[in-house]
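Okay, structure first, notes after.
Atoms within each ligand, like the ligands themselves, are counted from 1 in listed order.
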Amino acid sequence: MPVREHRHPDHGIDPLFVNRWSPRAYTGEEIPDAILEQGFEAARWAPSARNAQPWRFVYSKRQSSSWEAVFGLLNGRNRLWADRASALIAVLSKTTHDDGSPNHTHSFDAGAAWANLAHQLFLAGWHSRAIGGFDRAAAGGLLGVPEGVAVEILIAVGRQGAVDALPEEFRQQETPSGRRPLTAFVSEGTYRAG
Ligand SMILES: Cc1cc2nc3c(=O)[nH]c(=O)nc-3n(C[C@H](O)[C@H](O)[C@H](O)COP(=O)(O)O)c2cc1C
């Protein structure tokens, strides 16, 4: 089902921003390394405070020996659909600058990198869905995340699959979501958002 049936931007923007969305139904097919590398390359060019580039990524492909343990980090609900993703990517971020001072925007900057990654994957014909519902403490240990590096998010990546293959409870939600209008989150001069 085309995204345009569900999403109607109020202003003229590049279709990329509207067409990217996060399905839960994936095919489980193997993702080429070149596609992942393209995604990480796009993330690489995200802006960051002091150009610190605090984002870090650790990925696991569905076919790899690390998959089962990474998949096991997901909460029960996310396990129901993410088992047919082609890769899970952990987004991490370094919390300090190289001089040891705190980097107050490490999460913000990692978020910018994730957006670049998601959009590039989409341009290459792959979808992604961020996952906040997972065991963060266990992720740090499993992935060998050192002190001073924060666990941000996991991302499921895959080719969009058939809705019918999803558990019943997700099928109805498998459509691109809408957004609030600009008036709900933009104001001039003083805060006036809802
Ligand atoms: C930080 C973050 C955490 C999320 N956590 C989950 C999650 O645990 N499970 C899930 O199914 N979707 C999760 N999502 C997906 C969002 O629900 C989805 O991105 C949002 O509804 C907007 O839809 P869209 O990405 O299709 O535009 C998460 C997204 C973000 C950005």
Which class fits the ring pair H127 and W21: parallel under 30°, tilted 30 to 60°, perpendicular over 60°?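 Ring orientation, 0 to 90° scale: perpendicular.
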side-chain contact (heavy atoms from CB on, under 4.5 Å) between Q38 and L36, worked out: CA-CA 5 Å; Q38 272 186 343; L36 284 172; over 6 Å; no
Exactly which residues line ligand 1, taking a heavy atom under 4.0 Å from it as the test?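 Residues within 4.0 Å of ligand 1: R7, R20, W21, S22, R24, N78, W81, R129, A130, I131, G132, G133, I153, S177, R179.
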Taking the side chain from R24 and the backbone from W81, do they hold a donor-acceptor pair closer than 3.5 Å?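 Answer holds: no.
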I need the full list of salt bridge (Lys or Arg N to Asp or Glu O under 4.0 Å) pairs touching residues 66-90, with sequence neighbours left out, sorted by first then second residue.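 Listed by first then second residue: R77-E169.
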Give a yes or no on this: more than 12 heavy atoms of other residues, nucleotides or ligands lie within 6.0 Å of atom CZ of F122.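 Count over threshold, so yes.
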Test side-chain contact (heavy atoms from CB on, under 4.5 Å) applied to W114 and S128, step by step: CA-CA 10 Å; W114 130 251; S128 54; 3.8 Å; yes
